[in-house]
Structures are given as structure tokens and as C-alpha cells.
Amino acid sequence: MSSSDEVLNEIVNVVAEEVYKYLMRRLPEKLLEDIVINVGFTDINNYTLEISVDAMTSPLLSGLDEIINGAIEFGFKIADYLMDKFRRGELIGLSTGEIERIAEEYAKSLRNNA
């Protein structure tokens, strides 16, 4: 992977995956009916990222808004971390797997410090 566009696309994919993992750790699978996670750049020139989550759950699940807001905040922390590395040129030339590993390690450190 070498181009900036490919790296930015990988950042979007990795952030979406980490948001999904966050939600799966907090939402009881049997109460989850459907989930849609959208991550994308609203302004690629300024690297403005947007994260949205739509979830359909059983009415028995309470606190869904708090869980979703936590997932979005978690996603933005990972995105900020990766975008800082991108701006410094540290992600250019890395493989998809290496970028995923960097994100996973950072996500793990966030969970451990929470």
C-alpha cells in the first residue's frame, strides 16, 4: 500500500472495524437485531471524518444511546491517533495488516486505561 488515498481508505475501514468490535463487547448479541456503522470523510482536504451508528435492538435493552455514543467516541480516538500518524507520514508504505495492528494495539491500550 503506498498512496495516500489507499491509506486514508484503510483508516476508514479500520475505524469502522474497531467501532464494531467495541459495540459487540457491550451489546448482548441476543438483543441486537441490526447494526449499521458508517465511517467516511466529509471533507477529504481537511481530513474531516464522520462516524455514525444505527442500531436496532430489543426493547429490553436499556442504555443504547450511551453505548453508541461511547463507541463513536472510541472510534474518534482511534481515528485521531491514526490521522496523526498519517500526517507525520508514518503510515505511508505500510501494509493493510500493519495499519490494522497499529489500530488494534491502540484500541487495546484505550480499553486497558479506561
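Atom OG in S95 sits 12.0 Å away from atom CD in E6 (nearest 0.5 Å). Put simply, CG on D54 and CD1 on I37 are 10.0 Å apart, with the number rounded to the nearest 0.5 Å. Atom CG of L23 sits about 7.0 Å away from atom CD1 of I68, to the nearest 0.5 Å. The distance from the CD1 atom of I44 to the CG atom of L8 is 4.5 Å, given to the nearest 0.5 Å. Atom-to-atom distance recorded for K85:NZ and D80:CG is 13.5 Å, nearest 0.5 angstrom. Here the CG atom belonging to L110 is positioned 10.5 Å from the OH atom belonging to Y22, to the nearest 0.5 angstrom.
Checked by atom type and distance alone, the side chain of N46 never pairs as donor or acceptor with a backbone atom of T48 at under 3.5 Å. The closest donor-acceptor contact from the side chain of N9 to the backbone of D5 lies at 3.5 Å or more, if one exists at all. Between the side chain of E66 and the main chain of G63, no donor-acceptor pair closer than 3.5 Å is present. No side-chain donor-acceptor contact under 3.5 Å links E105 to the backbone of I102.
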Original post:
Between L94 and L91, is a side chain to side chain contact (heavy atoms under 4.5 Å, CB included) present by the stated rule, with each step listed?
Top reply: CA-CA 6 Å; L94 296 182; L91 301 180; 3.8 Å; yes

**OP:** Dump the intermediate steps for side chain to side chain contact (heavy atoms under 4.5 Å, CB included) on L49 and M83, then the final yes or no.
**Re:** CA-CA 10 Å; L49 194 75; M83 289 306 298; 5.9 Å; no

Subject >> side chain to side chain contact (heavy atoms under 4.5 Å, CB included) between E104 and E17, intermediate numbers included >> reply: CA-CA 10 Å; E104 287 171 358; E17 180 66 24; over 6 Å; no

Original post:
When you look at D84 and L82, which way does the side chain to side chain contact (heavy atoms under 4.5 Å, CB included) test go after all the steps?
Top reply: CA-CA 5 Å; D84 285 344; L82 293 175; over 6 Å; no

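The nearest pair of heavy atoms linking V15 to G75 is CG1-O, 3.7 Å. When all heavy atoms of A55 and L64 are compared, the closest pair comes out as O-CD2, 4.1 Å. Residues F74 and R111 share a closest heavy-atom pair of CZ-NH1, 4.0 Å. When all heavy atoms are compared, the tightest approach of F86 to V7 is CD1-CG1, 3.6 Å. Taking each heavy atom of A107 and I78 in turn, the nearest pair found is CB-CD1, 3.8 Å. Taking both residues in full, the closest heavy atoms of V19 and A71 are given as CG2-O, 3.7 Å, listed atom of the first, atom of the second, then distance.
Looking at E100 and N13, their side chains never come closer than 4.5 Å, going by heavy atoms from C-beta outward.
For Y20, the OH atom is loosely surrounded, since the number of other residues' heavy atoms within 6.0 Å does not exceed 12.
The aromatic rings of Y106 and Y81 lie parallel to each other, with less than 30° between the two planes, well short of the 60° mark.
Using a cutoff of 4.0 Å between basic side-chain nitrogens and carboxylate oxygens, R101 and E98 are not scored as salt-bridged.
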